[in-house]
Protein chains: 2
Amino acid sequence: MKHVTIIDVAKALNCSISTVSRAFNDKYDIRPETREKILKVAEDMGYSPNPIARKLKQKCSYNIGVVVPEFLNPFFPEVIIGIQDVFLKKGYQILIMQSNECYQTELENLQTLVDNFVDGIILSLSQESKNSNFLQKLIEKGYPLVLFNRVNESLAVPKVVFDDYKWSFFATEHLIQQGLTKLIHLAGPNHINLSNSRAQGFMDAHRKHKIPVSNKNIIETGFLVVDGERVVAKLISENMLPEGFVCVNDPTAMGAMKALKHHGIKIPKDVAVIGFSETPMAELIDPPLSSVKQPTYQMGEVAAELLLKQIESNMFNIPETVVLSGSLSVRESSVKR
Amino acid sequence: MKHVTIIDVAKALNCSISTVSRAFNDKYDIRPETREKILKVAEDMGYSPNPIARKLKQKCSYNIGVVVPEFLNPFFPEVIIGIQDVFLKKGYQILIMQSNECYQTELENLQTLVDNFVDGIILSLSQESKNSNFLQKLIEKGYPLVLFNRVNESLAVPKVVFDDYKWSFFATEHLIQQGLTKLIHLAGPNHINLSNSRAQGFMDAHRKHKIPVSNKNIIETGFLVVDGERVVAKLISENMLPEGFVCVNDPTAMGAMKALKHHGIKIPKDVAVIGFSETPMAELIDPPLSSVKQPTYQMGEVAAELLLKQIESNMFNIPETVVLSGSLSVRESSVKR
DNA sequence: TTTTTTTCCGGAAACGTTTCCGAAAATCGA
DNA sequence: TCGATTTTCGGAAACGTTTCCGGAAAAAAA
């Protein structure tokens, strides 16, 4: 599609392109009357500065890449909104990619963003992420990168995480304080940091209350509805149900509930269920699901600000980790009467 | 961040930049041995062609704008995945914007995309969209644009829609065929096409079965969970509950269910509920929600292909409308035993 | 009135590619 | 061996901005 250019505007006004450019950008070095005239004629002609030429000259793409494991559940979209609100104000565009919880797709997404010369990347690792070679190479090149939520501790890069340990501890304690002692943690994939932190919180809550607990109380499950459903169905078939489930996230909790209800097991009367990374649906399902609520919008804002700081400083900084806190929404699914 | 350029590679090889360019792009007009050597040295040097310079020369941004009303519910993210899969294969990047169901935000999103010289836009209107002046101006300029799902019939532009009328008819008929005659349609905003089509399907299903029906059976509600909840709470307080609700979408249906359950009204025993635009949660809530399922991924693919055709043809084409069909998932929420 | 200073504008280089056109070298045929 | 043809490569313009530097005109000061 043909665009009106600065050359067209200059010719129409019988002035130079640098004069037109100063009219659009300068706050000085142009006579006010000349500036008004240029802006008016440019608007009448439908001129709008070509961002591609500007970016070439300024050596900056004004694009930010955001890679999330998935965006069908509202958690990551809520974070993305926080990221967008910060960057759009600064004139950046956001390229959103989702990895469908697949490591290979995550790598392709990262490569695509790098090939497009994005100015920085904000990434949450997919369920299958194991190898950080690619990320390590980006970091070594000085590529601006921020990790959030699902991070890899070994990478020297700014991070925004949640206090998974603490809130998993509290969620577990909430059940223990109601007299439940036989609990199972439906954990996330073992190589993901937040899975381990949440599992650790689960264990330490038991230890604090001197309740026997072992690695058998932790079952590596996954992050998806089908994962929770599968594992709980298996436990039911083996007649090994606990008094309560502490789940790594809401989709897994919902899957657990689905399997329990399918077998006529009452929640929370027979088995209590508590989730994590609260979804808006937590309130709507029956019974309403207790869950740890995370400040997703703020997580996005903080991640964006960390990346902006990295882009603008153009210097090596000691990467910081921001740890966010949350709350526990107690609903029917975990309250024994 | 400093990038290796084609000039650096040419100097290292003591050849010209046009030779390096031909090595990366040509399939002819370069000696094969020269080409291999250039590609190897370029890789060793970490050279990657600068997409910004390429875009300036080719007068194409390779960016596509996608504007959706919201992306916290999985419907629009599922469509976006279809769009992305088509465009990423063709070397395009997708800029995803969400309007938070707000017309003003939608306009700002569109303006931002236009200012960034995107090559085309795929848009679904927000709940508040009323005025199409901005879109009409884009169309008049020949700007490639495709509307999907929530469209404005008066705009001469390619569209991808669903057979809302037909499936609303079938959903209503499903309840009527179980002997329900007192039904209410929780409708979307009146100025949105699919709201009217779904309302019309609801009416005509009654007429087919010669059941009295009037405009009082249609209540303009909205698209959100809180909308359904508010309207049904009001009906309960006025003691004006129907035998069944046919809802404009799943969030509204879930809100309706929430209000009914809050007042101890049993679903579907006392009041049946049926939704539309099936969300994965439909199966998880209690009772599982009947809903009209739409082919979201296909909707994205078709929208992307229509836009690609428009971008590549560079000619005026008579805009086509693709109408997709779906299915009705019958679950407990609408089955009277 | 003259000299000095300031303001405003224009010209051109630069950003990093693509691609066209011409020249030099290589190849082929007589 | 020479002329004709083909192949391969280099130089430079172009894409549309930004920005630097210099010059002309205007304004101010002596």
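All values below were derived from every heavy atom in this structure, side-chain atoms included, with hydrogens, water molecules and symmetry-related copies excluded. Quick note on labels: first sequence line is chain A, next is B, and so on, each numbered from 1. Given the structure is predicted, the values throughout are model-derived calculations rather than measurements.
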State the CG-CD distance between Asn109(A) and Gln111(A), to the nearest 0.5 angstrom. 11.0 Å

Nearest heavy atoms of Pro69(B) and Ser124(B), plus distance in Å: CD-O, 3.5 Å

Give the minimum heavy-atom separation between Leu307(A) and Gly120(A), together with the two atoms involved. CD2-C, 3.8 Å

Nearest-nucleotide check on DNA chain D, Arg31(B) vs Leu56(A); residue mapping nearer the 5' end is Arg31(B)

Show your reasoning for whether side chain to side chain donor-acceptor pair (under 3.5 Å) applies to Ser21(B) and Ser18(B). CA-CA 5 Å; Ser21(B) 182; Ser18(B) 50; over 6 Å; no

Stretch residues 17-24 of chain A: residues that reach within less than 4.0 Å of DNA chain D through a heavy atom: Ile17(A), Ser18(A), Ser21(A)

Do Asn14(B) and Lys11(B) make a side-chain contact, defined as non-hydrogen atoms from C-beta onward lying under 4.5 Å apart? no

CD/Glu108(A): more than 12 non-hydrogen atoms of other groups inside 6.0 Å: yes

Min and max contacting nt of DNA chain D in 5' to 3' order, chain A heavy atoms within under 4.0 angstrom, are dG16(D) to dT19(D)

Is the shortest side-chain heavy-atom distance between Leu306(B) and Phe148(B) below 4.5 Å? no

Could you go step by step and tell me if Ser126(A) and Glu101(A) meet the side chain to side chain donor-acceptor pair (under 3.5 Å) rule? CA-CA 5 Å; Ser126(A) 67; Glu101(A) 296 289 5; 5.2 Å; no

Residues at least two apart in sequence or cross-chain that pass ring pair (Phe, Tyr, Trp, His ring centres under 6.0 Å) with Tyr62(A), listed by chain then number, are Tyr92(A)

Please evaluate residues Asn100(B) and Thr105(B) with respect to the criterion side chain to side chain donor-acceptor pair (under 3.5 Å), reporting the C-alpha separation (whole Å), side-chain torsions for both, the decisive distance (0.1 Å), and the verdict. CA-CA 7 Å; Asn100(B) 205 24; Thr105(B) 306; over 6 Å; no

Which part of the nucleic acid, if any, lies within contact of Asp29(A), taking any heavy atom under 4.0 Å across all strands shown: a base, the sugar-phosphate backbone alone, or nothing? base

If we only count heavy atoms from C-beta on, is the Phe223(A) to Pro189(A) side-chain gap below 4.5 Å? yes

Which string of ( ) [ ] | and . matches DNA chain C, if you list each base 5' to 3' and count Watson-Crick or G-U pairs only when both distances are under 3.5 Å? ||||||||||||||||||||||||||||||

Under 4.0 Å between any heavy atoms, over every strand shown, what does Ile30(B) touch: base, sugar-phosphate, or nothing? Just pick one. sugar-phosphate

Take Asp8(B) and Thr5(B) through the test side chain to side chain donor-acceptor pair (under 3.5 Å) and record every step on the way to the result. CA-CA 5 Å; Asp8(B) 299 323; Thr5(B) 74; 3.3 Å; yes

May I ask you to list the residues of residues 34-48 of chain B, by number, that have any heavy atom positioned under 4.0 Å from an atom of DNA chain D? Thr34(B)

For Val323(B), all residues meeting side-chain contact (heavy atoms from CB on, under 4.5 Å), sequence neighbours excluded: Val161(B), Asp163(B), Thr321(B)

